[in-house]
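What follows is one structure encoded as structure tokens, with my remarks underneath.
Just so it is clear, the values below take in all heavy atoms, side chains as well, and ignore hydrogens, waters and symmetry mates. Bear in mind the structure is a predicted one, so any value in this text is a computation, not a measurement.
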Amino acid sequence: MEVSKDVKKKNSEETVQEEVKNQETDAKKEACNCESECKADESQNACEAEESDKAEAQDESTDNSKKKDPKDAVIEELQDRVKRQMAEFDNFRKRTEKEKSTMFEMGASDIIKKLLPIVDNFDRGFKSVTDEELETPFAKGMDMVHKQLLKMLEDVDVKPIEALGGEFNPDYHNAVMHVEDDSVGENIVVEEFEKGYTYRDQVIRHSMVKVAN
């Protein structure tokens with residue numbers, strides 16, 4: 001009987017220990033589950049906080065872009081004004097250069113037109129003298145002045161218009177007489193009364209000519 005009591009007592013102790021172990025195991029499982037749930041909640045909370053921070057940063061950036069610094073606005077306005085003034089100055093410079101060039105061309109043309117009658121007088125004078133008179137010192141001096149004047153006009157791009165023997169061209173010739181002549185072709189210049197000239201490929205005086213047929 002005493003042995004049976006000891007066995008029962010032993011079995012009872014073992015049962016109690018087993019229940020304690022089971023309780024401890026259940027407690028550990030619950031602790032693990034709770035820890036996992038806590039970690040998941042913490043992770044979710046961290047993601048939500050991060051998204052909230054991003055949204056706030058974006059909103060702040062938008063607000064900053066909307067609320068521009070007054071200094072930046074003034075700088076942009078000054079830069080825009082400088083660009084416009086530079087463009088206007090460039091246009092003014094180009095217009096001024098063009099006007100100066102035009103004024104120079106007009107002034108040069110006027111001077112050349114005033115020199116051309118002098119050249120005409122030289123040409124007429126040399127046509128009226130004999131070959132013997134051309135050998136005199138005075139005639140040779142006049143010839144040198146005439147050649148110097150022609151060289152000066154040539155250097156500034158003044159060129160005589162070729163007319164005699166060529167076809168009449170109203171862009172370069174001014175017909176003041178017509179004559180019937182079967183020995184030459186139609187619209188041929190047979191005589192030149194006054195020589196024409198061009199200045200930089202622009203006609204400054206037309207040739208006065210006689211045209212046949």
Side-chain angles (χ1 to χ4, degrees), residues 21-120 145 147-163 168-174 194-208:
K21 288 181 180 181
N22 291 333
Q23 290 178 357
E24 289 178 354
T25 302
D26 293 338
K28 288 181 180 180
K29 287 182 180 181
E30 290 179 359
C32 289
N33 293 332
C34 183
E35 185 177 359
S36 296
E37 290 177 357
C38 290
K39 288 183 179 180
D41 292 339
E42 289 178 356
S43 177
Q44 184 176 0
N45 292 334
C47 291
E48 291 177 355
E50 185 177 357
E51 291 179 357
S52 178
D53 292 339
K54 288 182 179 179
E56 289 178 359
Q58 187 175 1
D59 293 339
E60 184 178 357
S61 176
T62 303
D63 293 338
N64 291 335
S65 62
K66 290 181 180 178
K67 298 179 181 178
K68 189 178 293 184
D69 193 344
K71 293 182 180 179
D72 295 336
V74 172
I75 291 173
E76 289 181 2
E77 182 181 356
L78 292 176
Q79 288 177 342
D80 185 61
R81 187 181 302 175
V82 169
K83 289 179 181 179
R84 289 199 303 269
Q85 290 180 348
M86 289 179 65
E88 290 176 359
F89 177 77
D90 188 54
N91 293 332
F92 171 76
R93 179 180 59 81
K94 291 179 179 179
R95 286 196 304 269
T96 303
E97 290 179 354
K98 186 176 181 180
E99 289 174 359
K100 287 170 62 178
S101 177
T102 302
M103 291 175 64
F104 176 80
E105 296 293 333
M106 292 175 61
S109 298
D110 291 338
I111 294 174
I112 292 169
K113 289 178 181 179
K114 293 178 180 179
L115 289 175
L116 292 181
I118 300 174
V119 178
D120 296 336
V145 175
K147 289 179 180 178
Q148 186 177 6
L149 181 58
L150 292 177
K151 181 65 168 57
M152 183 271 293
L153 292 174
E154 183 180 355
D155 290 341
V156 295
D157 205 14
V158 177
K159 299 177 183 178
I161 296 174
E162 298 297 332
F168 173 76
N169 186 343
D171 293 332
Y172 296 98
H173 309 140
N174 183 18
E194 185 177 72
K195 187 177 290 294
Y197 290 89
T198 61
Y199 171 58
R200 295 186 177 180
D201 298 329
Q202 297 291 327
V203 176
I204 58 174
R205 192 176 77 179
H206 292 77
S207 300
M208 294 177 62

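In this structure a side-chain-to-backbone donor-acceptor pair under 3.5 Å is present from Asn91 to Ala87.
Asp201 pairs by the salt bridge (charged side-chain N to carboxylate O under 4.0 Å, His left out) definition with nothing, not counting sequence neighbours. Residues that satisfy the side-chain contact (heavy atoms from CB on, under 4.5 Å) test with His206, not counting sequence neighbours, are Asn174, Val203. For Asp171, the salt bridge (charged side-chain N to carboxylate O under 4.0 Å, His left out) criterion is met by no residue, not counting sequence neighbours. Asp110 meets the side-chain hydrogen bond (donor to acceptor under 3.5 Å, both in side chains) test with no other residue; sequence neighbours excluded. By the salt bridge (charged side-chain N to carboxylate O under 4.0 Å, His left out) test, Glu77 pairs with Arg81, sequence neighbours left out. Residues that satisfy the side-chain contact (heavy atoms from CB on, under 4.5 Å) test with Val145, not counting sequence neighbours, are Phe122. Residues passing the salt bridge (charged side-chain N to carboxylate O under 4.0 Å, His left out) test with Arg93 are Asp90, Glu97, sequence neighbours excluded.
For the atom pair CD1 of Ile204 and CD1 of Ile161, the computed distance is 8.5 Å after rounding to the nearest 0.5 Å. To the nearest 0.5 angstrom, Glu162 atom CD is 10.0 Å from Thr198 atom OG1.
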Counting only pairs under 3.5 Å, give me each side-chain donor-acceptor contact of residues 150-160, with atom names and distances, residues two or more places apart or in other chains.
{"residue": "Lys151", "atom": "NZ", "partner": "Asp155", "partner atom": "OD1", "Å": "2.9"}
{"residue": "Lys151", "atom": "NZ", "partner": "Asp155", "partner atom": "OD2", "Å": "3.2"}

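Minimum interatomic distance between Gly196 and Ser207 (heavy atoms only, all atoms of both residues): N-OG, 2.9 Å. Nearest approach of Asp120 to Glu194, heavy atoms of both residues: OD2-OE2, 3.7 Å.
Counted within 6.0 Å of CZ on Phe168, heavy atoms from surrounding residues, nucleotides or ligands total more than 12; the atom is thus considered enclosed.
Counting only heavy atoms from C-beta outward, the side chains of Leu116 and Tyr197 approach each other to under 4.5 Å.
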